[in-house]
Number of protein chains: 2
Amino acid sequence: MNKNYMRAIPKAWRNIAKVFTALGDEHRQRILLTFEPGERLNVGQIVEVATLSRSAVSHHLKILREAGVLESVKEGKAVYFWIAKDFLTDALQTVIEHVRKNV
Amino acid sequence: MNKNYMRAIPKAWRNIAKVFTALGDEHRQRILLTFEPGERLNVGQIVEVATLSRSAVSHHLKILREAGVLESVKEGKAVYFWIAKDFLTDALQTVIEHVRKNV
DNA sequence: TCAACATAACGATATATTTGAACATATGGC
DNA sequence: GCCATATGTTCAAATATATCGTTATGTTGA
């Protein structure tokens, strides 16, 4: 039993905590699943299919970006988002490996 | 662009959504990290190291169990929990594979 | 029956989510 | 340049959800 409760979160998990929080919301999952392979989408395109206001979509996109799950770039008036594929798979792989070794 | 926003969540993700929600909380992460390899712990043992009341710990354990991350059995007066290692790794692997194929 | 252990019920507080309005920025027509 | 429009973000306020502790309830074993 690891009694070091208040210090137990490994460094590698620091970013991952945000990933889990980001992916723990149903709207944010649906947004992720809206992207097709290699695709970039702007806010307006996501608002079109989502059942949320523009500002709510913007809010969720911000959370996903701050978690590292999405990346974005502003091009003219629009802001384009895409999925940070490598970051996301690496983050989840880190947790899998931790569980395999330490559980 | 996948426009089927309201139906976009794959069957395989149904359970996984709960996993992400469960792992998105810092206390629940710390609880998970309290378990050492192959170990079973009862509620009282976790309360000892946690900085939460017994009922709060019980609440978090319930969320983890309902997400499938923990399993439990009652033995006498105590309820013992352990990490559902295979379920957890499989669930995360499912997401990784989805991302690799579809992102 | 009593004590130990765990969960459930309840209310209080904190955090998250959501929308509409205000604000910021880029584009294009005049 | 100047104004209107298109696109996003931020803010404030309302609502909803989550978290937590206290207390009550249920179960098991001595």
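In what follows, every chain begins at residue 1, and chains take the letters A, B, ... in the order their sequences are listed.
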Does some side-chain heavy atom of L32(A) sit less than 4.5 Å from a side-chain heavy atom of L70(A)? yes
Rounded to whole Å, how long is the line connecting atom CD of E75(A) with atom P of dA26(C)? 13 Å
Look at S53(B) and dC20(D) and indicate whether a side-chain polar atom (N or O) is within less than 4.0 Å of OP1 or OP2. no
In terms of side-chain heavy atoms of H27(A), which of dA6(C), dT9(D), dT18(C) is nearest? dT18(C)
Is A56(B) touching bases, backbone alone, or none of the nucleic acid, heavy atoms closer than 4.0 Å? sugar-phosphate
Short side-chain N/O contact to dG8(D) OP1/OP2 from N42(A), under 4.0 Å: yes
Return no unless some side-chain N or O of H59(A) is found under 4.0 Å from OP1 or OP2 of dT19(C). no
Take F20(B) and V95(B) through the test side-chain contact (heavy atoms from CB on, under 4.5 Å) and record every step on the way to the result. CA-CA 11 Å; F20(B) 282 124; V95(B) 178; 4.0 Å; yes
When you check the phosphate oxygens OP1 and OP2 of dT18(C), does a side-chain N or O of R54(A) lie under 4.0 Å from one of them? no
Specify the separation, in whole Å, of atom CD1 of I31(A) and atom C1' of dT17(C). 12 Å
So I63(B), base contact, sugar-phosphate only, or nothing? Heavy-atom distance under 4.0 Å. sugar-phosphate
Which label fits Y5(A) and H27(B): parallel for a plane angle under 30°, tilted from 30 to 60°, or perpendicular past 60°? parallel
Do R40(A) and E75(A) meet the salt-bridge criterion of a basic N to acidic O distance under 4.0 Å? yes
Atom pair distance, as rounded to whole Å: CD1 in I46(B) and C1' in dT7(C): 14 Å
Specify the separation, in whole Å, of atom OH of Y80(B) and atom C1' of dA6(C). 13 Å
If I take atom CG in residue L23(B) and atom P in nucleotide dA18(D), what distance separates them, rounded to the nearest angstrom? 16 Å
Tell me if the side-chain of S55(A) makes a donor-acceptor pair with the base of dG8(D), cut-off 3.5 Å, by modelled atom types. no
Tell me the closest heavy-atom pair linking R30(A) and M6(B), and the distance in Å. NH1-O, 2.9 Å
Start at the 5' end of DNA chain C and walk down; is the nucleotide closest to L52(A) or to A78(B) reached first? A78(B)
Hey, is the side chain of K77(A) poking within less than 4.0 Å of OP1 or OP2 on dA24(C), counting only N and O atoms? no
Whole-Å distance separating the CD atom of E26(B) from the P atom of dC20(D): 11 Å
Take atom NZ of K62(A) and atom C1' of dT18(C), then tell me their distance rounded to the nearest Å. 15 Å
Between P on dT27(C) and NZ on K74(A), what's the gap in Å once rounded to a whole number? 9 Å
Please check the phosphate of dT18(C) (OP1 and OP2 only) for any side-chain N or O of H60(A) closer than 4.0 Å. yes
